[in-house]
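What follows is a single structure, written as structure tokens, with notes after it.
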Protein chains: 2
Amino acid sequence: MQLLFPLVTSDVALFTLIDQRLRVLLVQRAEEPAMGKWALPGGILRPDVDENLEETAKRALSSKACVSVRQLEQVATFSGASRDPRGWSISTLYYALLPSDQVPALAGIRTEAVRWEDPENHKQPLAFDHAQLLDNALRQLRDKVAGGALPLQLMPNKFTLTDLQRACEAIAGHPYDKGAFRRQIKDHPALLAIDGEFLRGAQRPAQVYRTAMDFRF
Amino acid sequence: MQLLFPLVTSDVALFTLIDQRLRVLLVQRAEEPAMGKWALPGGILRPDVDENLEETAKRALSSKACVSVRQLEQVATFSGASRDPRGWSISTLYYALLPSDQVPALAGIRTEAVRWEDPENHKQPLAFDHAQLLDNALRQLRDKVAGGALPLQLMPNKFTLTDLQRACEAIAGHPYDKGAFRRQIKDHPALLAIDGEFLRGAQRPAQVYRTAMDFRF
DNA sequence: GCAATAGTGTCTATTAGACAATATGGG
DNA sequence: CCCATATTGTCTAATAGACACTATTGC
């Protein structure tokens with residue numbers, strides 16, 4: 001006998017850069033079903049609390065991993081009787097990007113542990129159908145960057161064009177040409193040079209940029 | 001007081017070509033809420049019957065408009081407390097393409113009437129947030145065709161390359177260049193010339209094509 | 001000067017768009 | 001032949017990739 005109503009959840013693939021490599025947040029489940037297994041952070045819809053499913057996703061990120069993000073991108077919705085042992089379930093999947101300097105990685109209330117892992121080579125099999133969910137999120141992120149979008153939410157407050165190129169390369173999985181990359185982003189409206197500010201190392205100083213949108217502050 | 005469980009539905013933007021113009025199927029609601037208003041065909045999830053939300057969408061198309069389609073593309077999921085007067089609701093939106101020669105346009109069981117309308121200039125305001133849903137579906141269809149995908153599910157069994165170009169133009173909303181279009185689709189694997197079959201009119205005969213996939217028969 | 005990286009310029013193969021030229025039927 | 005459309009070819013501007021060149025710092 002099936003439930004009359006489905007279980008409605010929201011899951012998030014939260015990406016960040018660690019040492020210039022793309023990583024996704026996994027949490028170890030602290031309850032049944034699939035207790036002990038690793039999964040994308042997610043939570044059950046609470047119609048009395050959540051304005052919409054995006055809020056469910058944000059609440060899940062907040063409670064399971066003590067992380068708050070500004071913007072979520074919806075990937076797709078997965079549904080069916082067999083994807084969760086509790087019965088007929090629906091999960092709307094989002095992805096989000098977080099600058100590496102905002103990675104707290106604290107264990108949340110109902111979670112045993114969190115971990116940042118390579119989204120392409122996650123060691124253990126994930127709980128439920130979360131491997132498929134992660135594949136979908138990664139593909140959508142890659143398509144967007146391949147289409148010319150800049151992953152600005154992944155960048156810290158101040159960054160150089162080389163930093164930005166490394167971020168795109170980490171997502172795409174292959175190196176970019178410097179000249180072509182700079183040509184492409186040359187007139188991006190969200191990209192502002194901070195006049196007179198340079199990053200100095202053992203080489204020619206690099207112009208420091210920030211995003212035009214009020215992502216932070 | 002909100003419901004403990006949300007209302008879960010699936011809606012479909014079903015597109016076809018009528019006189020070489022893109023049209024979307026609207027149904028007039030026969031029940032409250034929004035009785036008498038026009039809306040995208042949709043239905044409520046039945047976990048005891050539907051394998052997943054895509055099946056919900058197919059069942060809705062079948063019962064509301066006596067139409068059956070093979071393939072649905074998921075567009076997005078809309079959710080919240082205010083989009084449906086019955087309370088907190090979720091709707092997963094799909095779009096589908098139907099060849100004009102399979103348009104029955106019969107009124108279904110619980111529907112007053114069906115109508116094929118211009119998806120860009122639908123006269124009356126649609127029920128619920130369906131205008132927004134339709135916008136999203138149309139944008140996704142256009143993006144896909146602009147990205148080089150061929151709307152083969154929109155074509156009849158046999159068609160000419162000019163027919164196919166007209167279909168793409170109807171979706172894109174602007175004319176294509178003949179030479180560029182033919183170059184682009186020249187090596188499309190799903191496009192097969194029917195050897196020796198030509199469409200004859202008051203001009204040079206046109207090669208007739210069919211799709212390689214087993215869409216029909 | 002040398003190392004290292006930033007930033008810019010150049011060359012070329014490919015491509016998309018515009019448009020011309022040719023082909024082939026009906027009348 | 002003329003008309004209408006199918007089909008193919010050509011020219012060109014724009015573009016992406018590869019790669020080279022110059023610039024500017026620390027040491």
Side-chain angles (χ1 to χ4, degrees), chain A residues 17 19-20 142-152 155-211, chain B residues 17 19-20 142-152 155-156 158-189 191-211:
Chain A
L17 286 179
D19 297 332
Q20 298 196 337
R142 283 186 166 163
D143 286 350
K144 204 152 184 192
V145 169
L150 292 180
L152 292 173
M155 308 306 295
N157 252 319
K158 300 176 175 183
F159 55 91
T160 67
L161 295 189
T162 301
D163 292 337
L164 185 55
Q165 183 179 341
R166 296 284 173 271
C168 292
E169 290 170 340
I171 292 169
H174 58 83
Y176 282 20
D177 178 80
K178 187 171 44 170
F181 180 72
R182 282 161 188 254
R183 235 183 296 153
Q184 185 205 329
I185 68 174
K186 180 160 43 74
D187 296 317
H188 197 290
L191 213 50
L192 295 183
I194 305 180
D195 216 55
E197 189 156 343
F198 294 89
L199 182 69
R200 320 181 91 79
Q203 69 283 336
R204 172 170 174 176
Q207 174 69 55
V208 173
Y209 287 78
R210 64 180 178 87
T211 65
Chain B
L17 286 179
D19 297 332
Q20 298 195 339
R142 283 187 165 163
D143 286 349
K144 204 153 181 188
V145 169
L150 293 179
L152 292 173
M155 306 308 294
K158 299 175 175 186
F159 55 90
T160 67
L161 294 188
T162 301
D163 293 336
L164 185 55
Q165 183 179 342
R166 295 284 172 271
C168 291
E169 290 171 340
I171 293 169
H174 60 83
Y176 282 20
D177 178 80
K178 190 169 40 169
F181 179 72
R182 283 161 187 256
R183 233 182 299 152
Q184 186 203 328
I185 67 175
K186 180 161 42 75
D187 295 319
H188 198 290
L191 212 50
L192 294 183
I194 304 179
D195 216 53
E197 188 155 343
F198 294 90
L199 183 69
R200 319 180 93 80
Q203 68 284 335
R204 172 171 174 177
Q207 174 67 55
V208 174
Y209 287 78
R210 63 179 179 86
T211 66

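Each chain gets a letter, A, B and so on, in the order the sequences are listed, and its residues count up from 1.
In this structure, CG in D19(B) is found 14.0 Å from CZ in R166(B), a value given to the nearest 0.5 Å. In this structure, CD on Q20(A) lies 7.0 Å from CG on D163(A), to the nearest 0.5 angstrom. Note: I194(A) CD1 to R210(A) CZ = 6.0 Å, rounded to the nearest 0.5 Å. Remark: F159(B) CZ to T211(B) OG1 distance equals 6.0 Å, nearest 0.5 Å.
For D177(B), counting side-chain heavy atoms from C-beta on, the closest listed nucleotide (dA6(C), dC19(C), dG17(C)) is dC19(C).
For the segment residues 184-194 of chain A, no residue has any heavy atom less than 4.0 angstrom from an atom of DNA chain C.
Put simply, CD on Q207(B) is 7 Å from P on dT7(D), counting in whole angstrom units. Distance, Y176(B) OH to dA16(C) C1': 13 Å, rounded to whole Å. One can place NZ of K178(B) at 16 Å from P of dG17(C), the figure rounded to the nearest angstrom. A straight line from CD of Q20(A) to P of dT5(C) spans 11 Å, rounded to a whole angstrom. Atom-to-atom, CG of L161(B) to C1' of dT8(D) comes out at 13 Å; the value is rounded to the nearest Å. E169(B) places its CD atom 12 Å from the P atom of dG17(C), with the value rounded to the nearest Å. Atom CG in L164(B) sits about 15 Å away from atom C1' in dA6(D), given to the nearest Å. For the pair R182(B) CZ and dC19(C) C1', the interatomic distance rounds to 15 Å; values are reported in whole Å.
Among the heavy atoms of the strands lying under 4.0 Å from T162(B) are primed sugar atoms or P, OP1, OP2 only; no base atom is included.
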Would you tabulate the nitrogen or oxygen pairs shorter than 3.5 Å linking the protein to nucleotides 22-27 of chain C?
| unit_1 | atom_1 | unit_2 | atom_2 | d |
| --- | --- | --- | --- | --- |
| dA23(C) | O4' | R204(B) | NH1 | 3.2 |
| dA23(C) | N3 | R204(B) | NH1 | 3.2 |
| dT24(C) | O2 | R204(B) | N | 3.3 |
| dG25(C) | N2 | A202(B) | O | 3.1 |

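Where G179(B) and Y209(A) each meet DNA chain C at their nearest nucleotide, the meeting point lying more 5' is that of Y209(A).
In this structure, E197(A) and Q207(A) approach most closely via the heavy-atom pair O-NE2, 3.4 Å. Closest heavy-atom contact between G148(A) and Q184(A): CA-NE2, 3.4 Å. Contact between L191(B) and L161(B) at its shortest, heavy atoms only, is CD2-CD2, 4.2 Å.
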Item to check | CA sep, side-chain torsions, deciding dist, call: L164(B), F181(B), side-chain contact (heavy atoms from CB on, under 4.5 Å) | outcome: CA-CA 10 Å; L164(B) 185 55; F181(B) 179 72; 3.9 Å; yes
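No hydrogens or angles were tested; on distance alone, a donor-acceptor pair under 3.5 Å links the side chain of R183(A) to the base of dG17(D).
Of the possible polar contacts, one joining the Q165(B) side chain to the Y176(B) backbone as a donor-acceptor pair under 3.5 Å is found.
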